[in-house]
Student: 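If you scroll down you'll find the structure; I have some questions about it.
Quick note: numbers below take in every heavy atom, side chains included, and nothing from hydrogens, waters or symmetry partners. Note that the coordinates shown come from a computational prediction; the quantities given were computed from them, not determined experimentally. To find a chain, count down the sequence lines: A is the first, B the second, and so on, and within it residues start at 1.
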2 protein chains.
Amino acid sequence: MINITLKQLRYFEALTRHGHFGRAADACSISQPALSVQIKDLEENLGVVLFERSARQVRLTGFGQDFADRARDILRAVDELGDLARLAKDRMVGRLRIGVIPTVAPYLLPTLIQRLHKAHSGLDVHIRETMTQKLISELLDGRLDTAIVALPVSEPGLAETALFDEKFVLVRSAQEAAAPVPSPEGMREMKLLLLEEGHCFRDQAVSFCNFRSTLPSDGLDGSSLSTLVQMVGAGIGVTLIPEMAVPVETRSAPVSLARFKGDEPGRTIGMVWRKTSPLAPQLMEIADVVRLSAEQLRTENQHLLPS
Amino acid sequence: MINITLKQLRYFEALTRHGHFGRAADACSISQPALSVQIKDLEENLGVVLFERSARQVRLTGFGQDFADRARDILRAVDELGDLARLAKDRMVGRLRIGVIPTVAPYLLPTLIQRLHKAHSGLDVHIRETMTQKLISELLDGRLDTAIVALPVSEPGLAETALFDEKFVLVRSAQEAAAPVPSPEGMREMKLLLLEEGHCFRDQAVSFCNFRSTLPSDGLDGSSLSTLVQMVGAGIGVTLIPEMAVPVETRSAPVSLARFKGDEPGRTIGMVWRKTSPLAPQLMEIADVVRLSAEQLRTENQHLLPS
DNA sequence: ATTGATCATAGGAAATTCTTATCGTGACTA
DNA sequence: TAGTCACGATAAGAATTTCCTATGATCAAT
């Protein structure tokens with residue numbers, strides 16, 4: 001059992017337009033017998049005669065008419081398939097699903113989305129905000145195209161690229177502004193407010209203070225940096241926040257900021273994707289946009305950071 | 001520049017369904033490398049990667065998703081093309097354009113159309129009623145599929161088959177019913193009412209009476225048999241009508257009917273079509289339906305005819 | 001009847017598609 | 001950490017399809 005081919009439909013369509021085997025063959029850049037054979041094959045496959053051949057002219061049969069209408073639709077749809085690909089190849093286009101950790105998302109996204117939209121307007125950006133572990137799992141599952149997380153991730157299936165580094169700054173109540181900045185060891189004497197389990201930023205803060213193990217939850221873990229800063233403002237304790245969060249989070253709470261002396265705590269934010277992802281080239285471009293966004297944020301808010 | 005093929009779309013579609021080259025290849029009854037190559041060709045033709053291959057699984061890219069939706073539509077349309085042909089091949093189906101001369105149409109068509117509809121309900125019958133000359137020309141132009149006319153036609157490009165013979169009967173006013181039936185020569189003494197120029201039935205009537213040439217129009221030519229019979233009823237003259245017209249035309253006029261003695265005038269009605277028409281087999285079947293219709297009319301109306 | 005135009009057919013060349021065999025790469029296991 | 005397995009890619013030759021050139025057949029017009 002042979003099958004209809006697009007070639008046959010193309011030749012058929014040409015023949016309907018020219019009503020003449022020789023001229024239709026020319027239009028298809030093939031010899032007249034090649035066209036004759038393909039039309040014959042098509043008719044035999046279908047079991048129906050499509051053309052009435054007379055010495056004078058080649059005419060569609062009634063069935064041929066109906067057939068031609070549908071065939072044209074199909075050829076058009078196939079051409080559109082090619083057009084679609086040609087567009088997708090040149091411009092960056094289509095859905096892009098980005099995952100971002102919660103300690104980055106609120107500060108980076110406004111700028112980033114604006115820039116992405118400006119640079120690649122064909123892009124349909126979807127944002128997913130959750131913790132690293134979930135992002136990685138969704139990435140590996142193919143439910144995300146890339147994720148912005150703290151490095152290192154060291155997951156075998158993923159490729160990563162660094163985006164920017166940022167320090168953590170100490171947040172104390174406004175009254176403590178003049179007190180000396182504690183050393184990491186000194187931190188252990190203070191009431192340190194942390195994010196809930198699962199946030200990588202919590203682990204980084206804990207690790208900086210050289211706590212032996214994860215602290216038992218005391219029921220005061222905050223669900224966001226914003227919450228932590230509000231708590232600090234209320235005099236409940238101290239906390240760390242990444243530089244990027246400073247402009248937003250310290251605006252509305254009576255807190256003071258301080259840099260650590262010596263070996264400052266900090267983190268590297270990077271982008272990860274599946275090593276097998278065909279989007280890799282595009283994602284490298286996206287990474288550049290993220291770097292520019294981070295740079296912009298840093299320069300815009302330089303003056304708000306402690307010196 | 002190579003082209004997308006339906007084969008590639010079929011393989012592609014199978015791969016989207018199975019997400020596994022080996023199983024998709026099985027489903028297509030080909031080897032795995034054959035499928036690999038075709039998918040690769042497709043991707044190269046498009047210039048876009050459709051699948052993300054990892055050790056674990058084969059997943060569609062975002063573009064691949066869009067592509068798959070359209071590809072499926074195309075494959076469905078092509079299959080429907082095949083279905084359409086399969087239907088058209090078995091049953092008699094589609095448009096059928098029949099031309100019929102005016103001295104047959106009103107009497108034959110009611111029965112014929114009913115029978116056609118019963119025998120081939122898929123048939124979309126179009127009727128064109130006009131004089132032989134126009135019918136033949138439209139037939140040759142491809143604007144009709146077949147025509148029912150008086151034979152012979154003897155047009156080189158047309159095939160013909162006889163359908164039925166019928167005699168012409170004399171129509172006189174009711175008062176003349178008892179008068180002897182005239183011979184053809186005797187007809188010349190009478191006021192013979194004829195159809196307009198162009199009707200083959202006019203020529204046949206004239207020829208029966210052995211008139212030398214076409215008579216000069218006296219402004220009384222009728223545009224239909226119905227008109228002629230009405231005129232006879234009004235006492236203006238006599239006329240001939242084919243047997244088939246008797247039941248309809250003599251119902252409402254005070255006329256009498258008579259058969260001619262000896263060599264009765266008559267005609268053969270037949271069907272013609274282009275020798276090149278692929279519908280020829282179907283048309284032979286249609287011709288059978290016409291014969292049955294004529295037979296039915298004859299038996300139904302036997303009692304109305306003069307003996 | 002001859003010629004010209006047109007589509008069909010035939011045979012061998014060219015291109016393509018397929019199969020088998022094999023490689024390379026990850027991922028799981030012992 | 002090496003071994004094994006699963007899976008897709010690649011290679012080479014065979015099989016199939018498609019195409020071209022040459023020629024045949026038909027029909028209409030001269």
Student: Looking only at side-chain N and O atoms, does A:Arg53 come under 4.0 Å of OP1 or OP2 in C:dT6?
Tutor: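 Looking at the OP1 and OP2 atoms of C:dT6, neither is under 4.0 Å from any side-chain N or O of A:Arg53.
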Student: Output the rounded distance in Å from CD (A:Gln38) to P (C:dC7).
Tutor: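 Rounded to whole Å, this separation is 17 Å.
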Student: Check nucleotides 27-30 of chain C against the protein and report each pair of N or O atoms closer than 3.5 Å, with its distance, or say if there are none.
Tutor:
from	atom 1	to	atom 2	distance (Å)
C:dA27	O3'	B:Arg56	NH2	2.6
C:dC28	OP1	B:Arg56	NH2	2.3

Student: Could B:Asp203 and B:Arg267 be called an ion pair, given the rule that one side-chain N must be under 4.0 Å from one carboxylate O?
Tutor: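 No, no charged N to carboxylate O under 4.0 Å.
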Student: Which is true for B:Phe51 with a 4.0 Å heavy-atom rule: it touches a base, it touches only sugar-phosphate, or it touches nothing?
Tutor: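 Result for B:Phe51 = nothing.
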Student: Among the nucleotides C:dC18, D:dC19, D:dG8, which one has an atom lying closest to any side-chain atom of A:Lys7?
Tutor: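 Within the option list, the nearest is D:dC19.
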Student: Please state how far atom NZ in A:Lys275 lies from atom P in C:dG26, giving the value in whole angstrom units.
Tutor: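 One finds 8 Å between P of C:dG26 and NZ of A:Lys275, rounded.
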Student: Would you indicate whether A:Glu80, at its atom CD, is surrounded by more than 12 heavy atoms from other residues, nucleotides or ligands within a distance under 6.0 Å?
Tutor: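 Yes.
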Student: Measure NE2/B:His18 against P/D:dG8 and give the value in whole Å, please.
Tutor: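 B:His18 atom NE2 is separated from D:dG8 atom P by 12 Å.
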Student: Between protein and nucleotides 13-16 of chain D, what N or O pairs are separated by less than 3.5 Å?
Tutor:
none

Student: Taking the minimum atom-to-atom distance to the side chain of B:Ile30, which one of D:dC19, C:dT9, C:dC18 wins?
Tutor: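 It is C:dC18.
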Student: Between C1' on D:dA9 and CG on B:Leu15, what's the gap in Å once rounded to a whole number?
Tutor: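 Atom-to-atom, B:Leu15 to D:dA9, this comes out as 14 Å.
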Student: Output the rounded distance in Å from CD1 (B:Ile39) to P (C:dT17).
Tutor: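 Value for this atom pair: 13 Å.
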Student: What is the distance, rounded to the nearest whole Å, between atom CD of A:Gln32 and atom C1' of C:dA5?
Tutor: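 Distance, rounded to whole Å: 11 Å.
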Student: Considering every strand and a 4.0 Å limit on heavy-atom distances, what is the contact class for B:Ala34: base, sugar-phosphate, or nothing?
Tutor: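 Counting heavy atoms under 4.0 Å across all strands, the contact made by B:Ala34 includes a base.
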Student: Would you indicate whether the side-chain heavy atoms of A:Arg10 and A:Cys28 approach each other to under 4.5 Å?
Tutor: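 Heavy-atom side-chain distance check fails, nothing below 4.5 Å.
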Student: Any non-hydrogen side-chain atom of A:Thr130 less than 4.5 Å from a side-chain atom of A:Leu135?
Tutor: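 Yes, their side chains come closer than 4.5 Å.
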Student: With a cut-off of 3.5 Å and sequence neighbours excluded, list every side-chain donor-acceptor pair involving residues 60-69 of chain B.
Tutor:
from	atom 1	to	atom 2	distance (Å)
B:Thr61	OG1	B:Val49	O	3.1
B:Thr61	OG1	B:Leu50	O	3.2
B:Thr61	OG1	B:Gly64	N	2.9

Student: Rounded to the Å, how far apart are B:Leu42 CG and C:dT17 P?
Tutor: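 My rounded result for the distance is 12 Å.
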Student: Just wondering, do B:Leu108 and B:Ile269 contact through their side chains at under 4.5 Å, heavy atoms?
Tutor: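 They are not in contact (no side-chain heavy atoms under 4.5 Å apart), so the answer is no.
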Student: Out of D:dA11, D:dC20, C:dC18, which has the shortest distance to the side chain of A:Ser31?
Tutor: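 Ranking D:dA11, D:dC20, C:dC18 by closest atom to the A:Ser31 side chain puts D:dC20 first.
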Student: Could you work out which one of D:dG8, D:dT10, C:dT6 sits closest to the side chain of B:Lys40?
Tutor: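 Within the option list, the nearest is D:dT10.
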Student: Return whichever of B:Gln57 or A:Tyr11 has its heavy-atom-nearest nucleotide of DNA chain D closer to the 5' end.
Tutor: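 Whichever sits nearer the 5' end wins; that is B:Gln57.
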Student: Evaluate whether atom CD of B:Gln57 has more than 12 neighbouring non-hydrogen atoms of other residues, nucleotides or ligands under 6.0 angstrom away.
Tutor: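 It does: B:Gln57 CD has more than 12 such atoms within range.
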Student: Per the side-chain hydrogen bond (donor to acceptor under 3.5 Å, both in side chains) rule, which among A:Gln282, A:His126, A:Arg97 passes with A:Asp145?
Tutor: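 Going through the options one by one, the only one that passes is A:Arg97.
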Student: Would you say the side chains of A:Thr276 and B:Arg56 form a donor-acceptor pair under 3.5 Å?
Tutor: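 No - no donor-acceptor pair under 3.5 Å links their side chains.
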Student: Taking B:Arg72 first and then B:Glu13, would you say they form a salt bridge - that is, a charged N and a carboxylate O separated by under 4.0 Å?
Tutor: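 Salt bridge: yes.
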Student: Does the side chain of B:Ser36 get closer than 4.0 angstrom to OP1 or OP2 of D:dA9 through an N or O atom?
Tutor: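 It does, given that an N or O in the side chain of B:Ser36 lies less than 4.0 Å from OP1 or OP2 of D:dA9.
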Student: Round to the nearest Å and state the distance from B:Leu158 atom CG to D:dA28 atom P.
Tutor: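 The distance from CG of B:Leu158 to P of D:dA28 comes to 10 Å, rounded to the nearest Å.
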